[in-house]
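This report concerns only the one structure given below.
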Amino acid sequence: MSDQLAIRLRGVVKRYGPITAVAGLDLDVPEGTCVGLLGPNGAGKSTTMRLLTAQAIADEGKLEVLGFRLPEESKAARAQCGVSPQLDNLDVTLTVEQNLLVFTHLYRIGRADRGAAIERALQMANLVDRRDTRVDKLSGGMRRRLLIARALVHRPRLVLLDEPTVGLDPQVRQELWALIDALRAEGTTILMSTHYIEEAERLADTVLIMSHGSAVAAGPPAQLVAKHAGREAVEVYGPPAKLAETERACQAAGLLTRRTGTSVSVLGVEDADGRAPEGERRPANLEDVFVLLTGEEID
Amino acid sequence: MAVRSTSRGPTLGRLERPAITGVLVREIVNFSSYWRSSTFSSTVEPTIYLLAFGFGFGSLVSRVGNYDYVEFVGTGIVATAVLFSSAFPAMFGTFVKYKFQRTYDAILAAPVDTEELVTAEALWIATRTSVFGCVPMLVAFLFGLDPAWGMLAVPFIAFVSGFGWACFGISIAGFAKSFENFNYVVSAVLTPLFLVAGTFFPISELPEWAQILANLNPLYQCVELVRSAAFGWEGWIDLARLGVLVAFGLVMWRIAIHAMTRKLVD
């Protein structure tokens with residue numbers, strides 16, 4: 001791993017009228033790593049992504065992408081970045097290949113290299129057989145793969161993936177994970193926003209958990225779990241009255257708890273010495289950390 | 001870990017040719033999928049105006065000034081075709097690409113700035129307009145308008161006018177909050193300008209204040225330039241007319257860039 005930073009944000013603030021979408025964010029993305037931005041809806045993930053391409057301009061703070069200062073030098077940074085947006089913006093009346101062709105021009109690939117760049121993108125996205133299919137005839141999963149392939153035609157050094165698998169079936173999500181993993185194996189730096197915990201856990205070397213516009217925790221997923229949620233948890237099921245009672249008792253005994261909707265998870269029970277209630281034991285996971293740090297209720 | 005930034009390449013300038021080409025390529029490739037409907041709406045409507053006025057009005061009025069009525073309308077109609085192929089597609093197309101297709105989000109994530117995006121979109125519409133603008137005049141040949149060498153300048157006149165009106169349409173789309181806002185612009189701005197452009201009746205019949213105002217109407221200057229191209233140039237007067245069209249284009253171009261930057265960059 002290199003010790004250079006592909007993205008470096010310091011004290012970044014972005015306001016929309018009375019709303020502060022990003023509130024003093026620090027973010028480091030070392031070259032050659034995959035960093036996951038994890039947070040509930042409205043945590044500021046998408047705004048952060050827009051700041052990185054200068055489609056939103058920060059009110060305060062310093063931003064550097066691939067060594068370029070933003071927003072002044074953003075265009076040069078964008079030339080070496082690939083972006084896969086959350087909302088599909090493919091040209092739907094064009095074919096798969098035409099969509100890629102347009103982007104080889106927008107990313108300034110020379111005439112001699114365009115054909116090879118398109119072939120490579122088609123292969124990565126497993127769309128070689130669909131090259132002549134119009135986008136409005138593709139399945140949701142294929143459109144997503146094309147959206148990512150379109151961001152890769154110019155072999156970017158840094159890829160920004162905004163919610164790459166939102167709204168897709170588990171099977172389709174796995175295909176996309178394989179694609180992102182292959183990209184990672186090639187050494188491409190990736191910043192991926194997601195609110196799917198499993199996605200961050202599987203793909204990210206480092207996870208940054210965002211809440212209300214700033215980072216509340218950062219580190220490798222396993223470390224975050226060990227630090228904030230311990231090794232083991234106990235799930236206690238029962239009627240609401242029993243859950244509330246369990247919660248009170250555990251908190252009085254100094255144990256962390258979180259609700260899952262159907263149960264109460266009691267965390268860090270490996271050191272509980274008999275204070276832990278009866279229930280199903282399981283390893284602690286990133287979701288425990290996520291809920292602990294970003295709150296149980298959605299505001 | 002050292003807090004050191006990664007090695008970088010050169011920074012990039014403004015209004016770069018590769019960026020403008022990239023946006024134009026996108027439009028050209030897309031045009032291959034919708035050229036039929038676009039060509040239809042840009043050429044058939046002005047042709048209908050030509051036929052309606054030519055036959056309807058032409059039966060009452062055989063001459064206007066020194067011209068046969070078909071000569072008068074057959075040249076004036078170019079401005080109508082210019083308006084229908086530039087301002088309208090620019091307004092609606094820009095709004096759709098911004099709001100519903102989110103195309104501009106994709107383009108601005110690439111090394112393209114709003115200034116280049118707007119410039120390329122306007123150049124593309126102006127290019128189409130230079131072709132579509134001539135179609136009703138070609139139809140008028142069938143009804144007695146005589147071809148003239150000077151008419152070879154008409155595509156150029158249509159291009160310059162079309163660039164200004166494309167930027168006008170992009171500006172409106174940039175300032176509009178919803179599609180409904182376009183109704184005000186069409187009723188309060190485009191329709192009056194289109195009617196007092198000297199296309200269907202000479203503005204010399206209008207009150208003096210309206211004639212003075214008409215000189216500021218880029219559509220009127222377009223009509224007059226096309227008539228000069230068809231029936232004989234008027235030297236400095238035509239250059240001044242071209243100057244009005246160029247000025248209109250430049251001012252609208254900057255306004256369009258301003259409006260779209262506000263819209264696209266938060």
Side-chain angles (χ1 to χ4, degrees), chain A residues 1-8 14 16 21 28 30-31 47 50-51 53-57 64-68 71-85 87-95 98-99 101-108 134 147 150-151 154 157-158 160 189, chain B residues 1-38 93 96-117 120 124 260-266:
Chain A
M1 193 191 294
S2 117
D3 63 351
Q4 298 192 323
L5 295 177
I7 298 177
R8 179 169 182 265
K14 176 63 188 172
Y16 293 99
D28 283 344
E31 279 209 346
T47 305
R50 284 179 69 79
L51 287 166
T53 51
Q55 287 172 280
I57 309 294
E64 267 181 37
V65 173
L66 297 171
F68 295 98
E72 303 83 9
E73 303 173 339
S74 159
K75 199 183 190 185
R78 277 179 277 147
Q80 300 179 47
C81 273
V83 180
S84 166
L87 297 169
D88 181 334
N89 54 22
L90 296 161
D91 281 318
V92 295
T93 58
L94 302 189
T95 66
Q98 284 173 322
N99 267 278
L101 174 71
V102 166
F103 272 69
T104 61
H105 282 272
L106 285 170
Y107 280 107
R108 309 176 182 202
R134 266 170 61 133
L147 204 58
R150 194 183 71 173
H154 56 306
R157 288 166 63 193
L158 169 65
L160 307 176
T189 311
Chain B
M1 182 182 303
V3 182
R4 183 153 60 91
S5 279
T6 190
S7 59
R8 43 179 270 176
T11 54
L12 301 172
R14 281 175 59 189
L15 282 175
E16 290 179 291
R17 201 165 144 188
I20 292 172
T21 310
V23 178
L24 285 172
V25 166
R26 185 193 159 275
E27 287 295 346
I28 293 164
V29 174
N30 268 277
F31 191 61
S32 66
S33 74
Y34 68 80
W35 66 272
R36 282 185 196 85
S37 66
S38 164
V96 166
K97 277 180 265 189
Y98 155 73
K99 181 114 185 176
F100 301 112
Q101 301 178 346
R102 290 176 291 271
T103 308
Y104 294 149
D105 264 349
I107 293 174
L108 293 183
V112 178
D113 288 333
T114 312
E115 189 177 33
E116 291 156 337
L117 171 66
W124 165 244
M260 289 309 286
T261 304
R262 265 183 28 156
K263 191 120 195 161
L264 293 172
V265 180
D266 323 322

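Excluded from the calculations below are hydrogen atoms, water molecules and symmetry mates; all remaining heavy atoms, backbone and side chain alike, are included. By convention in this document, chain letters (A, B, ...) are assigned in the order of the sequence lines, proteins followed by strands, and residues within each chain are numbered from 1.
When all heavy atoms of Val265(B) and Ala54(A) are compared, the closest pair comes out as CG1-O, 3.7 Å. For the pair Asp88(A) and Arg102(B), the tightest heavy-atom approach, listed with the atom from each and the gap, is O-NH2, 3.6 Å. Residue Ala19(B) comes nearest to Arg108(A) through the heavy atom pair CB-NH2, 3.6 Å, listed as atom of the first residue, atom of the second, then distance. Taking both residues in full, the closest heavy atoms of Gln98(A) and Ser32(B) are given as NE2-OG, 4.1 Å, listed atom of the first, atom of the second, then distance. Scanning both residues, Leu106(A) and Gly22(B), for their nearest heavy atoms gives CD2-C, 3.6 Å.
The CG atom of Leu94(A) sits 7.0 Å away from atom CZ of Arg26(B), with the distance rounded to the nearest 0.5 Å.
Salt-bridge check for Lys97(B) with Asp91(A): failed, with every basic side-chain N at 4.0 Å or more from each acidic carboxylate O. Contact check on Asp266(B) versus Lys14(A) returns no salt bridge, with no Lys/Arg side-chain nitrogen under 4.0 Å from an Asp/Glu carboxylate oxygen.
Contacts between Leu264(B) and chain A at a heavy-atom distance below 4.5 Å involve the backbone alone (N, CA, C, O). Residue Arg134(A): no heavy atom, backbone or side chain, is found under 4.5 Å from chain B. With a 4.5 Å cut-off on non-hydrogen atoms, Ala77(A) does not touch chain B at all.
Between the side chains of Gln55(A) and Asp105(B), at least one donor N or O sits under 3.5 Å from an acceptor N or O.
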